[in-house]
Structure formats: C-alpha cells, structure tokens
Number of protein chains: 4
Amino acid sequence: MSGSTPRRPRRHDPGRRDRLIDAALTVIRERGVAGTTHREIARTADVPLGSMTYHFASLDEVLAEAFTRHAALVARVFDERLSAARDRDAAVEAVISLVSDDLLGSQHDLVLSVELYVAAARNPALRAVTQAWMARSRQALERHFDATTARELDALIEGLVLHSALSTDPMTPGQIRHAIYRYLS
Amino acid sequence: MSGSTPRRPRRHDPGRRDRLIDAALTVIRERGVAGTTHREIARTADVPLGSMTYHFASLDEVLAEAFTRHAALVARVFDERLSAARDRDAAVEAVISLVSDDLLGSQHDLVLSVELYVAAARNPALRAVTQAWMARSRQALERHFDATTARELDALIEGLVLHSALSTDPMTPGQIRHAIYRYLS
Amino acid sequence: MSGSTPRRPRRHDPGRRDRLIDAALTVIRERGVAGTTHREIARTADVPLGSMTYHFASLDEVLAEAFTRHAALVARVFDERLSAARDRDAAVEAVISLVSDDLLGSQHDLVLSVELYVAAARNPALRAVTQAWMARSRQALERHFDATTARELDALIEGLVLHSALSTDPMTPGQIRHAIYRYLS
Amino acid sequence: MSGSTPRRPRRHDPGRRDRLIDAALTVIRERGVAGTTHREIARTADVPLGSMTYHFASLDEVLAEAFTRHAALVARVFDERLSAARDRDAAVEAVISLVSDDLLGSQHDLVLSVELYVAAARNPALRAVTQAWMARSRQALERHFDATTARELDALIEGLVLHSALSTDPMTPGQIRHAIYRYLS
DNA sequence: AATGAATGAGTATTCATTCAT
DNA sequence: TATGAATGAATACTCATTCAT
C-alpha cells in the first residue's frame, strides 16, 4: 500500500486537463461509467485526487468532456471513410469497412459507445453529445444516400454493432457485408 | 421522526421475494442500474432493508433475477406476435408492430433493455441473460425467416429501437414500417 | 495513530442515538458549531463514523436535536427557579440567581446558547428551536410579571449573559443583582 | 467554459486589499463566518484566488480585519449619536434611536455583530476586537451616564438587539423606547 | 508584484453487507 | 424467520495553502 509509490514531483504540468480526459476515457472503457470515479481517473493519470476537482467542476463535466472527445474521434472516422468514397459503390464499401474494421475492430470504442448511450438516457448533458454525434454521422451518410436511407442505414449500423458487441459469436465481416448489401441493394 | 411512517406489520409475507424483483425492475427503469441499491428497492417495495439480504445473497443476484424476468416478458411478446402470424406477410406485419407498438410503445421497457445491455458488458452473469434472450428472439424470427435473415433482422430491430430511444425525433410507425419493408423486400 | 485504539466490540448498544446527541452537545461546546463534524461527534462518543448517518439523516438533524435538548434543559431550570418563587420578591431573587448561578455559573451552557443563536440566524430549523425556547422562558417569567415586563426582562437577561460571556471582566453577582433590581424597581 | 468569463485585466490595483476586506464583510453577512472562504471572497471581489493569500497571511487575518472594520463603523455611529446629544434627555433619545434605527434598522449589521460575538468565543484575535469595541461603546455612553449605568445599559442594548434579531415578532420602536425609558427612569 | 495551477487533508453522505436479537 | 442496528469502505466535492512561473 505504501512504499511502492514513487515520488511524483510534477508541479508544472501543462496539458494535464487534456490527459485527464483521456484517462477518463480509459477508465470508462475498462470499468464502465458506473465504475468511473474521480479516484480511478486520478490514479490512471497518475495525478493527485484534488487535481480532478480543480480542473472539472463535477464528475458529470468529466464524463461529458470525455464522451464529446470520443464522439468526435468516431465521427471523424465516419467522415474520412465516406468522404473518400467517389461513388455510391465505393460508399457502400466504405460503410462495410466502417462497421467491420473501425467499429467492430476495436472492442474498445464499441463498449464506449454503448456506455454513452445508456448514460445519455439519464443525463441530459450527455444526451446532447449523443444527438450531435448521431446528426453528424447521418450527415456523413447523406453525402451518398438520400435522407431516409441515411437514417435507416444509421440505425442498421447501430444494431449490427450493438449485436456484435454483446454476442458470443459476433458477426464476421462477411456477414456484415451481406446484411448491408441486402439492405442497400 | 415519528408519525410519518405508516405501520408496516407484515411479518409473514409469502411472495415477498417476488415483489422485490418487481420493485427492482421499477427502480432500474426509474434510476438506472447505477441508481439501483438495496435501500431503494426496499423502499419501493415498502419492506425493511434487512429483508433484501435475507432474500438475496447479493445485489448482483437481485439484478440478475430482475433482468431475467424482464427478458422473459419481452421474449414472450416476441413469441406471441410471431406465432400468431400465419404466413410471411403476416410475419412482416408482426415484426413491424412489435417494434412500433411493443418496443417503442412503452418507453419503459426500452430503457430497461438498454440498461441490461450495458450491465451485461461488465457482468458475466447478466451476459448469460442477454444471450439467452437474443437466442430466443432469433428463434422466434426463425419461425418465418431463414437463419441469416433472422439474425440480420434482429440486429435491425435492435438498431431501430436504440436509435429511437435516444433520438429527440424518434421514428414514426410509418418510418419503422418503411425501414423493415425495405430490408425484407 | 494506530495501535492505541483498543478494540471496540459494541454491536448491541441501545440508547446510542441518545449518547450521540449528548456527544454533539459536548463537541459544540468545545469546538463551536463550525467545528462540529460527524467525525468529531463519532470520536467523542467512541462510535464508528457510519453510525452517525445511520441515526441521523443529516448533520443539521443532529444539530437540531442537540440544541433542542439544550434548550429543554435550560428552560427547565427557568421553570423550576420561577415556579418555586412564592411572591414577586422571591421571583426577583429567582431571576437574579438564574443569571448569576445557572446561566453564568457554567461557562459551558453559556457558549452553547450563543452558538445556537448564530446558527439559528442561518438555519430555519434551528430558528424554530430558539423561538420555542424564547417563548417558554417568557412564559415562565409571566408567572410573576406582566407580559411587557416579561419580554423586556428576558431581553435584559440575554444581554447580561451575552455581555458577561464575552467580556474579560464579566459582571459579578452583585453587579447582576444591581442591574436587575434597577430595572425591576 | 469560455465566453462566460468577462475579461478581468487588473494587474495593477492599489486598494485591492481594501476591497477584499469589504468583500469579506459582504460574504460574512450573507453566508456567515462558517461560509466565508477564500474562494467566496475572491469571487465576490472579482479577484483571482491567488490574490487572497498574497494580501493576507491567512483566512483568520482576513476575518480579523473585516470585523475590525465592522466594529469601527458601528462604534462611529455610537459616537456620533451620543456626542450630538446636549443633555441627558437627548442622550436617552440618542440611545433609543441608536437601537431602533441604526442597529435594528439594518438587518445587515445586526447579523454581522452576532457572528462576531460567536467567532470571538473561539478565536482570541477576534476576542480582542470585540472587547475593544465594547469598551468603546461603553465610553461613548459614559459621556452621559455613570460607569455602572453605562455598563448595564450596554448590556440591555445588546439584549434588545439580539432578541429582536432572532424573534419572529421583533420589538417595535415604541417597545424599544418603553424598555429603555423604564430602565433609565 | 501577481496569479493560475496544484495538492492533501478534510467533509457529508451513501451503501453493501454483517450481525445480534 | 425476519429485521433493526451497526459498520467500514468508498464517493463526490471543498478548501486553505503552497508554489512555479
């Protein structure tokens, strides 16, 4: 308990707030929102507890910042994949690889997203984050698909990801491709 | 301090365990898994705190029982809707009404389901519950659709429900119908 | 810090709530309301911290109970002194000895009373306690004096006590007697 | 996070220490000594937190300065009222109007005074302030009354003020006048 | 001369769980 | 069989004060 902690003389530390947000994302991934506490984040970032409440007014603020960052990262991938597609066929491929490679590839972010959904159900501040995020991914899809299709496709992607996230036998890339093709055919 | 507590003389109370599970579901719905505590459940069921640990070995046991019951209720609706369908067309209508009426109709159970998904991500005992549930709804769909279609359809349903649950403008029944038709066409 | 605390195996302890209220009064006397914390009270009563919040919903509740008890004790002395007086002269003597002996005699209760006054200025629950107490002491005085005199006398008593409490040279019994005589002459 | 904080470019600011003392008095009035913190004072004065410990060695120093200023203000009113009185009758009127108008007129200073009394009970530095203050108001009274009368009158004033401060039905000016007349008759 | 950042001790409160009756 | 009392670990958050810039 004691003796193992090396001295930690780090008075001047610009960018600490930033590192704390990253640490929060790590903790949410590993322990869930329910297991995300000031202490756990501080420990993960190797920072004294008091530092948390210096940089953030409340734990909710930390969560909101963390999820905002997560949503921005995922949304960027969406944008990049879809803006790189030159025609509809390429867009379909982009969606498939988005789900197979980006979303399901990293167990990590997948759990994060689901955590965010649930947290948003109780926390209005977080709900704003999810909604902005949903809107942004829909817009990315609308580069290539009409509004109705974009919306439905977005829901299908959500379902495929969630299902795979929770299943013992998640869908293979081939199965993902099949489902999306079928819908978009 | 006195006078406000109504008498509660219920020493012999068969079925109390049962009522506690229902109370747990109520609390999960209203406060989320994170806000579900022995105390809150006991208060909701109007039962002394000590009664909780008398009937359940741990809070996790309570959660598992509660979610098992919830899953059974939802699965039953799935079964009933789909077994009532005489042909594929009727099955398609059944799926549509399942989503529009049963799942989205009651905000209640919708939140409950998402809560379960996330809780399952951390808790192996709960994961078994979700998986049994997923398997069962897939089976119900397989009465009318081939295995691949059933699986994909199940994911689509999930996505539509989740999306609507979190959106400020949830899909209308007409939009739900459109999405499912399109997929099954 | 450790090693000096003897085992404290006291699971069954009826009357604990009561002892906690007394402990709270002790702490208020010694440390002031500002220095009265759950921890300090628990330590004084030699009881685990968790016990405090088991018996009281909040620290304010503890304060209210403690001051209510204090007020009741002081009011009782008032009642006894004054009801023992057979005529007006005896009543005057009773008031004098009340101030000199009972109120100023014990530095203890004197500080307690002033603490209560200030706490009441911010805390409506405590204000109710002070007001009930004021009313009661006025009633006791009204056994022997008309309403106006009772009220004014009550204020004079307050002033004499407060002044003496804070002064480096508090009034002697003779001076107290002189002041009261002069007013009642 | 941004945009809401108005610019505050006040590097050179003589008289800041002074403004901080006034801000402290404001905070004590509104939140009590218990609620008076570096942060609250800095916020009230619209000054960075670090400025507090730059100008004052400790919070106690701030309190002492604040109360000293408060006592000086009240004492000045005492002096002015009483030095304006040309004879004993005028002095009696002066005392009455002191209590009715100056002390009870402004709820403000009334609470402040009582706060000071209690704080003084625990804090020797503050006790010196109250005692100097008491001495000074007694001196003012001694311009017109003998030493014993001055002392007793001072206590009566204290009692009338405290009583009125805490009562739901504070004394009317007429009642104040009656009490003081009776004592001085 | 002045301040934003940092920190560690402390606060009220919640809670799962244990235990004596 | 049932329960009120008890407990210790944990939680979010506050704050006086120190320090590097």
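Every chain is numbered from 1 and lettered A, B, ... according to where its sequence line falls, protein lines coming before strand lines.
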- Message: Can you identify which nucleotide, out of F:dT7, E:dA16, E:dT13, has its nearest atom closest to the C:Pro48 side chain?
- Response: F:dT7
- Message: What is the distance, to the nearest angstrom, from the NE2 atom on A:His55 to the C1' atom on F:dA12?
- Response: 17 Å
- Rounded to whole angstrom units, what separation is found between the CD1 atom of D:Ile41 and the C1' atom of F:dT14? 15 Å
- Query: Do side-chain atoms of D:Arg43 reach the backbone of D:Leu49 as a donor and acceptor pair under 3.5 angstrom?
  - Reply: no
- Message: Between A:His38 and F:dT11, is there a contact of a side-chain N or O with OP1 or OP2 at under 4.0 Å?
- Response: no
- Query: With both distances under 3.5 angstrom, what nucleotide forms a Watson-Crick or G-U wobble pair with E:dA9?
  - Reply: F:dT14
- Message: Rounded to whole Å, please give me the gap between CG in B:Leu63 and P in E:dC15.
- Response: 14 Å
- Query: Whole Å only: how far is the CD atom of A:Glu61 from the P atom of F:dA12?
  - Reply: 15 Å
- Starting from P on E:dC19, measure out to CG on B:Leu49 and report it in whole angstrom. 16 Å
- Query: Mapping A:Gly50 and C:Tyr54 to their closest nucleotides on DNA chain F, which lands nearer the 5' end?
  - Reply: C:Tyr54
- Would you kindly give the CG-to-P distance between D:Asp60 and F:dA16, to the nearest whole Å? 11 Å
- Task: Starting from P on F:dA5, measure out to CE on C:Met52 and report it in whole angstrom.
- Result: 16 Å
- Task: Would you mind reporting whether D:Leu63 and D:Asp60 have side-chain heavy atoms less than 4.5 Å apart?
- Result: yes
- Distance in Å, A:Arg69 CZ paired with A:Asp22 CG, rounded so as to fall on 0.5 Å steps: 4.5 Å
- Task: Output yes when at least one side-chain N/O atom of B:Arg39 is less than 4.0 Å from OP1 or OP2 of E:dT14, else no.
- Result: no
- Donor-acceptor pair under 3.5 Å: do we get one between C:Arg16's side chain and the base of F:dA5? no
- Query: Are the side chains of D:Arg122 and C:Glu115 in touch, meaning some heavy atoms are under 4.5 Å apart?
  - Reply: yes
- Query: So which nucleotide from F:dA16, E:dT7, F:dT18 ends up closest to the side chain of D:Thr53?
  - Reply: F:dT18
- Task: Using whole Å, report how far CZ of B:Phe56 lies from P of F:dT1.
- Result: 16 Å
- Message: Under 4.0 Å, heavy atoms only, any strand: does C:Ser51 hit a base, just the sugar-phosphate, or nothing?
- Response: base
- Measure from the side-chain heavy atoms of B:Leu59 and tell me the nearest of E:dT17, E:dA12, F:dA16. E:dT17
- Query: Of the candidate nucleotides F:dT17, F:dA12, E:dT13, which contains the atom at the shortest distance from the side chain of D:Ser58?
  - Reply: F:dT17
- Counting only N and O atoms by type, is there a donor-acceptor contact under 3.5 Å from the side chain of A:Arg31 to the main-chain atoms of A:Thr26? no
- Query: Which one is paired to E:dT21, where only Watson-Crick or G-U wobble pairs with both distances under 3.5 angstrom count?
  - Reply: F:dA2
